[in-house]
There are 2 protein chains.
Amino acid sequence: MAASSAKHDVFQAIADPTRRKLLKLLSSEEMPVTVISGHFPISRTAVSKHLRVLADAGLVKERKVGRETRYKLEPQPLYELKDWLQFFELYWENKLGALKRLVESDEQDL
Amino acid sequence: MAASSAKHDVFQAIADPTRRKLLKLLSSEEMPVTVISGHFPISRTAVSKHLRVLADAGLVKERKVGRETRYKLEPQPLYELKDWLQFFELYWENKLGALKRLVESDEQDL
DNA sequence: ATAATATAACACCTTTTGGTTTCATGTCAA
DNA sequence: TTGACATGAAACCAAAAGGTGTTATATTAT
């Protein structure tokens, strides 16, 4: 899995379905690894590695509490995704809207 | 690379930087593979495989014109991504909101 | 008909990824 | 202090991913 020496980016981090489920799970509540693992059919170690990838991408924050490590969603990096997506919105939604804007700017030129 | 027998999903398709560049490149104009390859440092075959992954995810549309195959962006599947993202907007906006409240209360303390 | 072009299809290679099991370390409770 | 628990780390594995180069096939131009 992800050895995680090099920083992972958001796009790659969310590519995996398990990691996406992790993000949702950790969105509301902070949780220790053991509890998190209970929600997945894979081993605790595997979950731990996914968490590492997410942490690398900055999507999750770790906090040590006694002998456990608790994880929580850190949504900021998703901004990058939103920005990226915004570029394409032009193309799907309003082909009409884009045309309208174009026409309007042309009108101003008149 | 992606053999592409099983359908690829959008999240996986956009995970690769080359594929993201492909999407941008194909957003404005329809292009045949050879022209597309000119924009990348990798082999034409590699580009072709990336295009296949994108097509699998429905992000790109192929059209045969004579002996060439032209590719164009098909932005619809990005909707899924937007929906997914929307869930998390709640969390980061709250955070910003919370920060704003914090700053404001600090100002009031002065 | 023949040569050149565009691209898909194969076969192959290396690195990464998702997963496992086992071991080491740190912390809490008795 | 001794044992149980939580987690990280390490070693390992199979499959997928990204890449290459080499055919094969269809289409266009001469």
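All chains are named by letter (A, B, ...) in the order of the sequence lines, taking the proteins before the strands, and each is independently numbered beginning at 1.
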Whether each nucleotide of nucleotides 21-30 of chain D has a protein heavy atom under 4.0 Å at its base (B), only at its sugar-phosphate (S) or at neither (-) is summarised, 5' to 3', as BB----BB--
Under a 4.5 Å cut-off applied to non-hydrogen side-chain atoms, are B:I14 and A:W84 in contact? yes
Give the rounded distance in Å between these two atoms: CZ of B:R52 and C1' of D:dA17. 16 Å
Which whole-number value in Å describes the distance from B:L54 CG to C:dA8 P? 13 Å
Listed in order of residue number, which residues of residues 30-40 of chain B have a non-hydrogen atom at under 4.0 Å from DNA chain C? B:P32, B:V33, B:T34
With sequence neighbours left out, write down each residue that passes side-chain contact (heavy atoms from CB on, under 4.5 Å) with A:A55, or none if nothing qualifies. A:V60, A:E62
Examine C:dT17: is either OP1 or OP2 under 4.0 Å from a nitrogen or oxygen in the side chain of A:Q12? Give yes or no. yes
Can you list every pair that meets salt bridge (Lys or Arg N to Asp or Glu O under 4.0 Å) and has a residue in residues 25-39 of chain B, with sequence neighbours left out? B:E30-B:R63, B:E30-B:R70
Separation of B:H8 atom NE2 from C:dT17 atom P, in whole Å? 15 Å
Which residues satisfy the side-chain contact (heavy atoms from CB on, under 4.5 Å) test with B:F40, sequence neighbours excluded? B:T18, B:K21, B:L22, B:L25, B:I36, B:I42, B:V47
So, is the end of the B:K24 side chain (NZ or CZ) under 6.0 Å from the ring centre of A:F87 and within 45° of the ring's axis? yes
Rounded to the nearest 0.5 angstrom, the CG-CG distance for A:L78 and A:D83 is 11.0 Å
Between C:dA9 atom P and B:L51 atom CG, what is the distance in whole Å? 13 Å
Does B:T34 offer a backbone N or O that forms a donor-acceptor pair with the side chain of B:R44 under 3.5 Å? no
Looking at B:H50, does any N or O in its side chain come under 4.0 Å of the phosphate oxygens OP1/OP2 on D:dA17? no
Using a cut-off of less than 4.0 Å, is there contact between a side-chain N or O of B:S48 and OP1 or OP2 of C:dA8? yes
Rounded to the Å, how far apart are B:I42 CD1 and C:dT15 C1'? 16 Å
Roughly how many Å is it from CG in B:D16 to P in D:dA17, rounded to a whole number? 11 Å
Partners passing side-chain contact (heavy atoms from CB on, under 4.5 Å) against B:Q76 (at least two apart in sequence or in another chain): B:E74
Side chain of B:Y71 - closest among C:dA8, D:dA17, D:dG8: C:dA8
Rounded distance (Å) that lies between atom C1' of D:dA16 and atom CG of B:D56: 14 Å
Can you tell me if B:T69 touches the phosphate of C:dA8, counting only side-chain N or O atoms and a distance under 4.0 Å to OP1 or OP2? yes
Qualifying residues under salt bridge (Lys or Arg N to Asp or Glu O under 4.0 Å), relative to A:K82, sequence neighbours excluded: B:E89
